[in-house]
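When reading the values below, keep in mind they use all heavy atoms of this one structure, side chains included, and skip hydrogens, waters and symmetry mates. The residues of the chain are indexed from 1 along the displayed sequence. In listed order, ligands and their atoms are each counted from 1.
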Amino acid sequence: MTVDTKAIKQAIFSPSMITMLLLGLIIGVVGFGVVFRPTSPLEAGSQFQRPYPMPHQYWATTDEFYVFASGGQQGGLYVYGIPSMKYLSEIPIFATDQAWGWTPENQEVKSIFTNPWTGEVVERGDTHHPSMSRTDGAYDGRWVFVNDKMYGRVARVGLDTFRTEQVLWTPNTTGGAHGFTVGPNSELAVLNIEHEQAPDAVIQEHLGITVDPINGPYVAGFNGIVIDGLPGGDGTMKVGWQVWGPWQHDMARLGWGVSDGWLVNTSYNTERATSSVPMFERESDYLYFWNIASIEQAIADGKYVTTEQAPDVPVISWKDVEVYMTEIPLNPHGLDISPTGKYILTSGKATTLIVAIDFDKVKEAIANKDFQDEEFGVPILTTDSIREATMDLGLGPTHIEFDNNGYAYIGFFVDSDAKKIALGGPYTELHGKEPWKVIDVLPAHYSIGHILVPGGDSAQPYGKYFIAMNKLAKDTFLPHGPLVTENHELYSIDNIPGLLVDQMALGPETHYSQAIPVSMITPNVRGVYTRPAVTEPPRVEYDYENRVVEVYMDVVRSWFTPDMFTVPQGWTVHMHLTSQEQALDITHGLAIDGYDVVASLDPGEVKDLIFVADKPGVHWYYCIWFCSELHMEMRGRMIVIPEAEWLPEMEWQAP
Ligand code: CUA
């Protein structure tokens with residue numbers, strides 16, 4: 001294990017020409033280094049050869065999976081179909097998106113953007129890991145959860161509406177939350193704190209670690225998010241607890257099957273360093289095994305503190321729970337659990353190594369107190385007792401997914417390919433191959449970040465397809481400025497060798513994605529919202545005491561009622577919008593000339609807009625979705641009168 005890590009480190013740190021070349025390779029900037037070129041999707045003999053031009057409804061009838069791809073710094077999710085690789089939609093979540101009226105003048109969005117503890121309204125976010133809701137470890141098609149790295153939030157998106165339903169903030173940190181995992185029955189999720197913190201003094205005292213805000217060493221941990229997610233639940237999330245310890249945590253997985261009841265997560269900075277290079281000074285880092293029941297027991301025993309910010313959230317010290325760890329290759333990133341929950345595969349991204357750990361052996365080693373050492377009081381399980389395989393497979397191993405035939409897929413950022421390996425143990429019955437060996441290589445173009453196999457992080461993978469989410473895509477698409485678009489490449493993995501089928505450009509910057517069968521979603525898709533049985537009659541009301549104009553407005557093809565209102569300058573406008581539509585795909589919207597105000601109303605939706613009428617004059621409001629042949633005529637006037645010129649008879653009493 002040490003040979004390869006040392007070689008890489010020496011290469012990085014010794015100042016020579018060879019070093020610079022190697023370094024170039026390692027950080028993936030040597031564009032000409034990639035020798036594999038994709039196969040054309042129309043190559044003769046391809047089982048995916050398509051008729052052209054595409055018949056009408058081709059995609060609607062042939063797509064098998066929806067992909068939910070995190071938008072990264074775009075702040076939401078992208079949705080596309082496979083195998084068509086056609087963009088379907090996007091879902092705004094953590095950041096403003098005016099196309100969808102996902103802006104804070106909309107009161108529902110404002111409450112989603114508001115930090116419940118500080119009242120701060122934020123309009124930015126960095127979407128990372130989508131995770132499907134599950135029952136018995138398999139996707140169940142109810143929700144997709146996803147985390148935001150910037151502020152440490154988690155969102156729940158309904159798979160019946162493809163709309164954000166809840167955003168949960170986690171307390172006591174400034175954000176920097178990376179790894180996110182939903183448990184096998186959607187009753188618990190874990191969000192890891194990647195960026196080390198200098199937390200509240202109460203937490204420091206409880207941990208017995210004093211943090212110097214400038215020099216550290218800092219502390220971190222993870223959030224336990226309790227979800228009303230068992231069958232029949234409404235999916236409401238709350239922060240159940242936080243566990244803090246000396247280390248940061250990167251990726252996280254809640255186990256199932258053999259590993260049920262355990263959280264596994266990794267730290268790439270066991271050095272507790274505060275700058276990049278020292279973060280890979282050690283020969284190895286740690287993978288942790290946390291017993292979830294012991295966390296619940298610590299709470300029951302009163303072994304926790306709370307902070308003034310979040311008096312309802314127990315903060316638990318790592319010392320008061322059952323945790324073990326094991327040494328794993330340097331700066332791990334990929335961390336995934338095989339379909340039965342037995343094998344935990346993790347990769348050291350600063351090495352060439354992937355290790356497979358057998359959870360049955362982990363339990364045995366724990367029972368036998370088979371420890372080789374300890375650090376910060378945490379026992380280190382004896383490596384040889386729990387490790388099933390150590391595979392030396394290539395440069396820059398990053399993420400891991402599984403299929404339904406006993407294979408795992410590992411993406412390599414530097415090698416720009418994915419290796420398909422045969423799992424051992426009970427999986428050998430499925431494939432009959434020599435275990436823990438590479439049986440296929442999927443060349444990518446290039447520098448793979450995350451990878452995706454439908455269901456590939458669950459107890460029931462669907463297999464069939466593999467997607468490489470390439471971070472860099474030089475020479476793939478037409479040059480259009482300094483930044484090349486993201487590239488998702490689709491492979492058929494039914495046969496060996498796997499076949500590159502198609503690719504698609506996608507907006508910045510997808511991180512992880514999950515795919516779920518279309519058949520699991522479409523029966524529940526909600527085309528329209530049920531219009532309230534009783535709706536407010538359209539009218540305009542003036543509140544002189546609070547300087548507010550209340551506008552109750554109906555929206556329907558193709559007019560607004562009222563189609564005019566007046567307001568004294570400087571007053572607040574509160575628009576209560578009701579879509580009277582009940583027809584699929586007839587979404588209306590509203591924008592106002594010269595104002596930062598925008599809304600979008602699906603059929604039957606009710607929305608509240610609040611803004612200040614601070615600019616005088618005639619301002620047309622108009623519909624922003626093309627809804628009928630009279631779409632452009634669908635407009636009305638907001639007339640803002642300077643307050644000194646306002647007369648009570650200027651009140652608009654329409655309709
Ligand atoms: Cu309503 Cu365009």
Is [Y] paired with [X] through a side-chain N to carboxylate O contact shorter than 4.0 Å?
X	Y	value
Arg153	Asp148	yes
Glu605	Arg531	no
Glu108	Lys110	no

Review point. Quick one: side chain to side chain donor-acceptor pair (under 3.5 Å) partners of Gln514, sequence neighbours excluded?
Key: Tyr139, Asp457, Tyr512

**Study point:** Partners passing ring pair (Phe, Tyr, Trp, His ring centres under 6.0 Å) against Phe180 (at least two apart in sequence or in another chain)
**Key:**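 Checked Phe180 against ring pair (Phe, Tyr, Trp, His ring centres under 6.0 Å); zero matches.
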
Review point. For atom 2 (Cu) of ligand 1, how many protein N, O or S atoms lie at less than 2.8 Å?
Key: 4

Review point. Got a sec, which pairs hit salt bridge (charged side-chain N to carboxylate O under 4.0 Å, His left out) with one end in residues 625-636, sequence neighbours left out?
Key: none

